[in-house]
**Student:** 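Got a structure for you, questions after.
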Number of protein chains: 2
Amino acid sequence: MDSAPPVPPSSPPSSPWLPFESRRRARDEKREAVLRAAVQLFLEQGYHRVTLSEVAERLNITKPALYNYFRGKDEILFECWSMGAELVDSVITEINAGGGSGLAKLRKLVHAYAGLMATDFGASLVRFDLRDLAERNAAVARAAKKRIDATFRRYIAGGIDDGSIRPCDPKLAAFAIAGALNWIGHWYQRDGGLSPTEIADEFTVRLTEGMATEGRQQTTKKTPRVPKGRNSGRKTTGKKRTGGGTR
Amino acid sequence: MDSAPPVPPSSPPSSPWLPFESRRRARDEKREAVLRAAVQLFLEQGYHRVTLSEVAERLNITKPALYNYFRGKDEILFECWSMGAELVDSVITEINAGGGSGLAKLRKLVHAYAGLMATDFGASLVRFDLRDLAERNAAVARAAKKRIDATFRRYIAGGIDDGSIRPCDPKLAAFAIAGALNWIGHWYQRDGGLSPTEIADEFTVRLTEGMATEGRQQTTKKTPRVPKGRNSGRKTTGKKRTGGGTR
DNA sequence: ACTTTTTCTTACCCACGGGTAACATATCGA
DNA sequence: TCGATATGTTACCCGTGGGTAAGAAAAAGT
């Protein structure tokens, strides 16, 4: 067979790999469609009030069809949760790849994390009850949560070491910051008058302004709308915006 | 059993009101016993995984006996929630009664609220899903939540007006603070190495230090509340990582 | 065209748990 | 002692919803 690699534009009709690949892709796309429908319903109504038939109905299929893609309801929940976890993980990876002081990294994390909390999969990270998961999956989830928490603490501790953050207890500081961020997932709603960017910008300032060693930046401008422009001072964070950070 | 009621000194043996009162008291005590057992189980395992038989079993009675005190499972949930709400309400009432700047009031609220989040009924405020309630009760709960949120905002706005708090958006600031506080109800555990007082003290500082207008000079020399005696100028943890056995 | 594999449907099972009915037993007032 | 009320028990109902079995209907492969 003529193996046709990643589909050159003029691929002849007889490429055996393409159907295979496209079939796998089609399957994955359907799987994700299930997750998108499920996460929305779970957030809307709560996991226990959502029936699998409901999820299926929204996809114009019937309940047993779902079992072609998932072993059961709790696995769907876990996969939704995982999607959120992956988003956070990739954010962290990216920040770790870049440089900057501990404070700078912390601010990047706060900004990106706040944005994630305004998405379905992001919110599922904090609104789903891990006790609904099979023990095996719950363990995975707990581990992921722990890694995220550890990252907050590491950035803070690092900031204290490099002098960008005033001494404090990293554990409690991380709890406070992560708590404020996680809570976004509970109150944010798309039609709520506050855009994710506004929230992320404001939280980045508010949650870190108290811990910076540098002289306090000038009073937050009273302007109600945050023009996404520059920061008043020359170098508040010293880094350009993380706007494109999250994909 | 024979709990002597606040008996007027020389009450003759035939006072019809006392038995009546004591009977009503006995009933109320049992009702509360149910709530205490229920809230514990709900927090431990999650509302949907707890059966009424389980609750009853813990009280050495059987399921239908519960229906002498409550109309149904969701009402038990609501009453648990209400207990927490009453705690918060009384805290707010007390703060309102006293004086002080907006910042001072806010700090009092943060401190007391943090402490409440470390109690069962307090945690139930943020860990129960209002969608499990009957619509009528859910409306009551939503209203109470709104009042609490409004209080945070009022203190902040008041602080901005009286000059004790630097200008900021009260809405978002309240979200950030309340979020950090509410999250305590999700991670706090009695045997976790952090006492409620420690948490309350630290959060009071951490969540408000950034917004105070007064000159900052840290090391929290003037810890606003709860003189804990021991720790002198330096705050407890400078930079010890993994604050393991902080006690 | 044919078989084979994947995908989806119809029809069903059944454990679970909230809620109720009917009955038993304290408890209280007289 | 005796009825009335409150409190609790045993036995049962039944809607719900996750999960499965068997087979139709599409695709894919040949």
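Here the structure is a predicted model, which is why all the values come from computation and not from measurement. Numbered from 1 within each chain, the chains take letters A, B, ... in sequence-line order.
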**Student:** With sequence neighbours excluded, tell me which residues meet side-chain contact (heavy atoms from CB on, under 4.5 Å) with B/A143.
**Tutor:**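 B/A143 satisfies side-chain contact (heavy atoms from CB on, under 4.5 Å) with no other residue.
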**Student:** Please confirm whether A/W187 and B/F175 have ring centers closer than 6.0 angstrom.
**Tutor:**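 Yes, close enough.
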**Student:** Write down the protein N/O and nucleotide N/O pairs, taken from nucleotides 17-24 of chain C, whose separation is under 3.5 Å; answer none if there are no such pairs.
**Tutor:**
from	atom 1	to	atom 2	distance (Å)
C/dG18	OP1	B/V50	O	3.4
C/dG18	OP1	B/K73	NZ	2.9
C/dG18	OP2	B/L52	N	2.9
C/dG18	N7	B/K63	NZ	2.9
C/dG19	OP2	B/Y67	OH	3.0
C/dG19	OP2	B/K73	N	3.0
C/dG19	O5'	B/Y67	OH	3.3
C/dG19	N7	B/K63	NZ	3.0
C/dG19	O6	B/K63	NZ	2.6

**Student:** Closer than 4.0 angstrom, basic N to acidic O: yes or no for A/R206 and A/D201?
**Tutor:**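 No salt bridge links A/R206 with A/D201.
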**Student:** Residues two or more places apart in sequence or in another chain: which of them pass side-chain contact (heavy atoms from CB on, under 4.5 Å) with A/D74?
**Tutor:**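 Partners of A/D74 by the side-chain contact (heavy atoms from CB on, under 4.5 Å) criterion, ordered by chain and then number, come out as A/Y47, A/A134.
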**Student:** If the cut-off is 4.0 Å, is A/R27 near the phosphate of C/dT6, judged by side-chain N/O to OP1 or OP2?
**Tutor:**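 No, no such contact exists.
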**Student:** Rounded to the nearest angstrom, tell me the gap between atom CG in A/L66 and atom C1' in D/dG18.
**Tutor:**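 Atom CG in A/L66 sits about 11 Å away from atom C1' in D/dG18.
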**Student:** Send over the distance from A/E54 CD to D/dG18 P, rounded to a whole Å.
**Tutor:**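 Roughly 9 Å, once rounded to whole Å.
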**Student:** Among C/dT10, C/dT7, D/dT9, which nucleotide has an atom closest to any side-chain atom of B/T62?
**Tutor:**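 Per side-chain heavy atoms of B/T62, the pick is D/dT9.
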**Student:** How many Å lie between CZ on A/R31 and P on C/dT6, as a whole number?
**Tutor:**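 Going from A/R31 (CZ) to C/dT6 (P), I get 16 Å.
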**Student:** Expressed in angstrom and rounded to an integer, what is the separation of B/I61 atom CD1 from D/dG8 atom P?
**Tutor:**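 Atom CD1 in B/I61 sits about 6 Å away from atom P in D/dG8.
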**Student:** Could you state the CG-C1' distance from A/N60 to C/dT7, rounded to the nearest angstrom?
**Tutor:**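 Those two atoms, CG and C1', are 15 Å apart.
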**Student:** Could you tell me the separation between the CD atom of B/E29 and the C1' atom of D/dT7, rounded to a whole number of Å?
**Tutor:**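 It works out to 16 Å between those atoms.
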